[in-house]
Structures are given as C-alpha cells and as structure tokens.
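Accompanying notes for the structure given below.
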Amino acid sequence: QVQLVESGGGLVQAGGSLRLSCTASGRFFSARAMAWYRQAPGKQRELVADIPSAGNTHIAGSLKGRFTISRDNAKNTVYLQMNSLKPEDTAVYYCRDETYNSWGQGTQVTVSS
C-alpha cells in the first residue's frame, strides 16, 4: 500500500491561483498513473485530471484552460496547478494513485467570492 500526502490547499479569493502537491511513497513512481479528484459538499467525488506514466494528460472538460496537471518523477510528486479559481471550485481535493488504487487524505480548497 502506497502513501500519498497532499498539500497546498487553503483559502483563496475568486480569480486567484493555488498549486496542490501530492508526494507518493513507494518505488517506480514514474511508472504509475496518478490523478486528482475533488468532492464538493453534497456532491459525488469527480475526476479533475489524470496523468499517465507516459503520454498525454487529461483535464476534465469544464476545467480545461484553468487547471494543469504535471509530475516530477525525481520527487515522486504530482502537481495540480489551478488558476482563475471560482467559488464552485471549492471542494476537498484528493490525490489518487491509479496504479495502486490508493487515496490521499485530501486537502481543502475554498474559493471566496
């Protein structure tokens, strides 16, 4: 079982930016597919973005142009850059190791209007 530790959440005004980080334990991180999900109050958890070990990243349709996912394999870390944040982006953001089906503990992002 791998461990995932997220950081970077917080309170930001609408229009602002945040960068979330997720550092993973375990070996062969570069070969593992990773993803970010989010869950707003009263809503189901939804995919935000995913990044395979190689190849193209994927951003959920409504978030394209504002969110970017990237990874630094030397640091065992995946990032979610969030720009032009909106109040509707308020949620708990979770990192997921898609290869090992493991979840992080989540980090709260709150966007004020």
Side-chain angles (χ1 to χ4, degrees):
Q1 187 77 5
V2 300
Q3 303 293 322
L4 303 172
V5 179
E6 299 113 330
S7 61
L11 174 64
V12 64
Q13 288 188 332
S17 298
L18 283 174
R19 188 178 78 157
L20 306 183
S21 300
C22 170
T23 300
S25 67
R27 301 171 66 188
F28 308 118
F29 176 77
S30 62
R32 288 146 57 180
M34 303 294 294
W36 286 97
Y37 288 74
R38 69 183 183 183
Q39 187 166 19
K43 295 187 177 181
Q44 289 190 329
R45 194 171 296 189
E46 62 177 358
L47 175 67
V48 172
D50 61 75
I51 183 167
S53 57
N56 296 328
T57 62
H58 167 257
I59 306 293
S62 62
L63 303 176
K64 288 180 180 177
R66 297 195 297 122
F67 287 22
T68 304
I69 188 171
S70 61
R71 65 193 298 160
D72 184 339
N73 291 330
K75 296 182 178 179
N76 275 29
T77 299
V78 61
Y79 303 98
L80 183 68
Q81 179 68 44
M82 305 184 293
N83 299 326
S84 302
L85 283 162
K86 304 175 180 180
E88 52 263 43
D89 295 318
T90 295
V92 179
Y93 284 71
Y94 296 91
C95 177
R96 184 172 187 259
D97 187 316
E98 303 273 69
T99 300
Y100 286 103
N101 194 24
S102 293
W103 293 91
Q105 81 285 356
T107 186
Q108 176 70 46
V109 171
T110 302
V111 185
S112 63
S113 57

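From a predicted model like this one, the values you see are computed outputs, not experimental measurements.
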**Report entry** Y79/M34 under side-chain contact (heavy atoms from CB on, under 4.5 Å): CA gap, chis, key distance, verdict
**Finding:** CA-CA 10 Å; Y79 303 98; M34 303 294 294; over 6 Å; no
May I ask you to decide if [Y]'s main-chain N or O and [X]'s side chain share a donor-acceptor pair within less than 3.5 Å?
X: S53; Y: A33; value: no
X: T110; Y: L11; value: no
X: R71; Y: P52; value: yes

Requested in this report: Identify the heavy atoms of L80 and V48 that sit nearest to each other, and give their distance.
Outcome: CD2-CG1, 4.0 Å
Query raised in the report: Taking only residues two or more places apart in sequence or in another chain, which ones pass salt bridge (charged side-chain N to carboxylate O under 4.0 Å, His left out) with D50?
Result: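 Per chain and number, D50 pairs via salt bridge (charged side-chain N to carboxylate O under 4.0 Å, His left out) with no residue.
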Requested in this report: Quick one: list whatever passes salt bridge (charged side-chain N to carboxylate O under 4.0 Å, His left out) with R66, sequence neighbours left out.
Outcome: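 Only D89 meet the salt bridge (charged side-chain N to carboxylate O under 4.0 Å, His left out) criterion with R66.
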Query raised in the report: Should the pair E98-R32 be classified as a salt bridge under the 4.0 Å nitrogen-to-oxygen rule?
Result: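 So E98 does not pair with R32 through a salt bridge.
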Report task. Mind jotting down which residue pairs meet the disulfide bond (SG atoms under 2.5 Å apart) criterion with at least one end in residues 13-107? Sequence neighbours excluded, please. Result ->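 Checked against disulfide bond (SG atoms under 2.5 Å apart) - neighbours excluded - the pairs reaching residues 13-107 are C22-C95.
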Query raised in the report: Between W36 and F67, does the ring centroid distance fall short of 6.0 Å?
Result: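 Ring-ring flag for W36/F67: false, centres at least 6.0 Å apart.
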Query raised in the report: Quick one: are Q81 and S17 in side-chain contact, heavy atoms under 4.5 Å?
Result: yes
Query raised in the report: Within 45° of the axis and under 6.0 Å from the centre of the six-membered ring of Y94, does NZ or CZ of R45 qualify?
Result: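 R45 over Y94 ring: yes.
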Requested in this report: Applying side chain to side chain contact (heavy atoms under 4.5 Å, CB included) between V92 and each of Q105, E6, Q108, report the one that passes.
Outcome: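 Of all the options given, the one that passes is Q108.
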**Report entry** side-chain contact (heavy atoms from CB on, under 4.5 Å) assessment of V109 paired with T90
**Finding:** CA-CA 5 Å; V109 171; T90 295; 5.9 Å; no
Report task. Verify side-chain contact (heavy atoms from CB on, under 4.5 Å) between K75 and F29, making sure each step is shown before the conclusion. Result -> CA-CA 9 Å; K75 296 182 178 179; F29 176 77; over 6 Å; no
